[in-house]
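Residue numbers run from 1 in the order of the sequence given.
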Amino acid sequence: MRSGGVARIGSRVPGEADPGLPSAARVCDYLLGGGHHFAADRALAREFLLAQPNARTIVRLDRSFLRRAVLHLIDRGVRQFLDLGSGLPSVGNVHGKDVTDPRTVPAAVRRTGLLDFAEPIGVLAVGVFHFVPPECGPVGVLGVYRDALAPGSALALSQFTSDLQPAEMAGIVEVMRKSPNPVFPRTHAEITALFDGFEVVEPGVVPLPRWRPEEGVAGRDDPDRAGIFAGVGHKR
């Protein structure tokens, strides 16, 4: 068994970033206080904040969920991770693959030698599938990933929802419609369906702050303003 590995898959992009086109990953970076963004990203982020004034908190909560989910999987013995849509893409590695083509992605990852598909893998789909339109069949896409995984593998997923703050989410949809990365919020039932074939662990598919909050943090953030449902499921 490998001691551990991470393969990161980003959404399909040209060989070089176009500074005139905003990117959802760079907008997120700006909202998190990072430095990897252009003027077009900052302009879109400002529109995003007008639609959802809680946006900075939401992206912070999503990043915090990712950390807690990974630590949970490590505690369960997972030592390898396939990070879908891992943010800022870079040229010349496994970034640039289309995450909605799950037969291509595992093959590309296998060629890198980073992951051993005979051993458990944690698939990280955090803040990814709200960019996947319904016509791409997200349940089926995740089902192909699931079938490629060994028992003991897991899926950590978070997704925008219109069940929480529907007016603000409608505003986000309108803002992102003008970008190369439109968003498709889903209901709680639709997000739960993305875990088909996985056993969802407690506390289930819940608003970000309610997924296993760390001591001293529980209750600090309003779950009704989280904008995103999240959960973790294990493959038996």
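For His72, the ring pair (Phe, Tyr, Trp, His ring centres under 6.0 Å) partners at least two apart in sequence or on another chain are Trp211, His234. Every residue was checked against the salt bridge (charged side-chain N to carboxylate O under 4.0 Å, His left out) condition with Arg42, not counting sequence neighbours, and none meets it. For Pro133, the side-chain contact (heavy atoms from CB on, under 4.5 Å) partners are Glu135, Cys136, Phe184, not counting sequence neighbours.
Cluster membership check: Leu71 does not share its hydrophobic cluster with Val126, using side-chain heavy-atom separations under 4.5 Å among Ile, Leu, Val, Met, Phe, Trp and Tyr. Cluster membership for Leu32 and Phe131, using ILVMFWY side-chain heavy atoms within less than 4.5 angstrom, is shared. No continuous path of ILVMFWY side-chain contacts below 4.5 Å connects Leu155 to Val144, so the two sit in separate hydrophobic clusters.
Put simply, CZ on Arg68 and CZ on Arg212 are 10.5 Å apart, with the number rounded to the nearest 0.5 Å. Summarising the geometry, atom CZ belonging to Phe129 is positioned 3.5 Å from atom CG belonging to Leu142; distances are rounded to the nearest 0.5 Å. Note that the CD1 atom of Ile58 and the OG atom of Ser158 stand 11.5 Å from one another [nearest 0.5 Å]. One finds the CZ atom of Phe160 at 10.5 Å from the CD1 atom of Ile191 (value rounded to the nearest 0.5 Å). The structure places CG of Leu208 at 12.0 Å from CZ of Arg63, a figure rounded to the nearest 0.5 Å. Atom CG of residue Asp116 and atom CD1 of residue Ile121 lie 7.0 Å apart, to the nearest 0.5 angstrom.
Pro180 places none of its side-chain heavy atoms less than 4.5 Å from the side chain of Ser23. Between Val105 and Tyr145 there is a side-chain heavy-atom pair separated by less than 4.5 Å. Inter-residue side-chain proximity for Leu61 and Ile228 is flagged as unmet; no heavy-atom pair is nearer than 4.5 Å. Using a 4.5 Å heavy-atom threshold, the side chains of Leu84 and Leu82 count as touching. Between Leu194 and Pro138, some side-chain heavy-atom pair lies under the 4.5 Å cut-off.
Cation-pi geometry between Arg26 and Phe38 is not met: the NZ or CZ atom fails to fall both under 6.0 Å from the ring centre and inside 45° of the normal.
The minimum heavy-atom distance between Phe198 and Ala154, with the atom names listed, is CE2-C, 4.1 Å. Minimum interatomic distance between Met169 and Thr161 (heavy atoms only, all atoms of both residues): CE-O, 3.3 Å. Across all their heavy atoms, Pro207 and Phe229 have their closest contact at N-CD2, 3.4 Å. The heavy-atom pair separating Ala226 from Pro209 by the smallest distance is CB-CD, 3.6 Å. In plain terms, the two heavy atoms of Leu44 and Met176 that are nearest each other are CD2-SD, 4.0 Å. Arg76 approaches Val201 most closely through the heavy-atom pair NH1-CG1, 4.2 Å.
Applying the salt bridge (Lys or Arg N to Asp or Glu O under 4.0 Å) test to every pair with at least one member in residues 48-60, sequence neighbours left out, gives these pairs: Arg60-Asp221. Residue pairs meeting the side chain to side chain donor-acceptor pair (under 3.5 Å) criterion with at least one member in residues 190-208, sequence neighbours excluded, are Thr187-Glu190, Glu199-Arg236.
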Please report, to 0.1 Å, the donor-acceptor pairs under 3.5 Å made by any side chain of residues 45-52, with sequence neighbours excluded.
residue: Glu47; atom: OE1; partner: Lys178; partner atom: NZ; Å: 2.5
residue: Gln52; atom: OE1; partner: Asn54; partner atom: N; Å: 2.9
residue: Gln52; atom: NE2; partner: Gln165; partner atom: OE1; Å: 2.9

Decide yes or no on side-chain contact (heavy atoms from CB on, under 4.5 Å) for Phe81 and Leu73, but give the supporting numbers first. CA-CA 9 Å; Phe81 294 90; Leu73 296 181; 3.8 Å; yes
Given side-chain contact (heavy atoms from CB on, under 4.5 Å), test Phe195 with Val200 step by step and report yes or no. CA-CA 7 Å; Phe195 288 94; Val200 178; 3.7 Å; yes
Could you walk me through whether Arg146 and Lys235 pass side-chain contact (heavy atoms from CB on, under 4.5 Å), step by step? CA-CA 8 Å; Arg146 179 199 64 227; Lys235 179 179 178 178; 4.2 Å; yes
With side-chain contact (heavy atoms from CB on, under 4.5 Å) as the criterion, how do Asp29 and Asp41 come out once you've worked through the C-alpha distance, each side chain's angles and the decisive distance to 0.1 Å? CA-CA 9 Å; Asp29 178 74; Asp41 306 309; over 6 Å; no
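At distances below 3.5 Å, not a single donor-acceptor pair connects side-chain atoms of Arg110 with backbone N or O atoms of Leu115.
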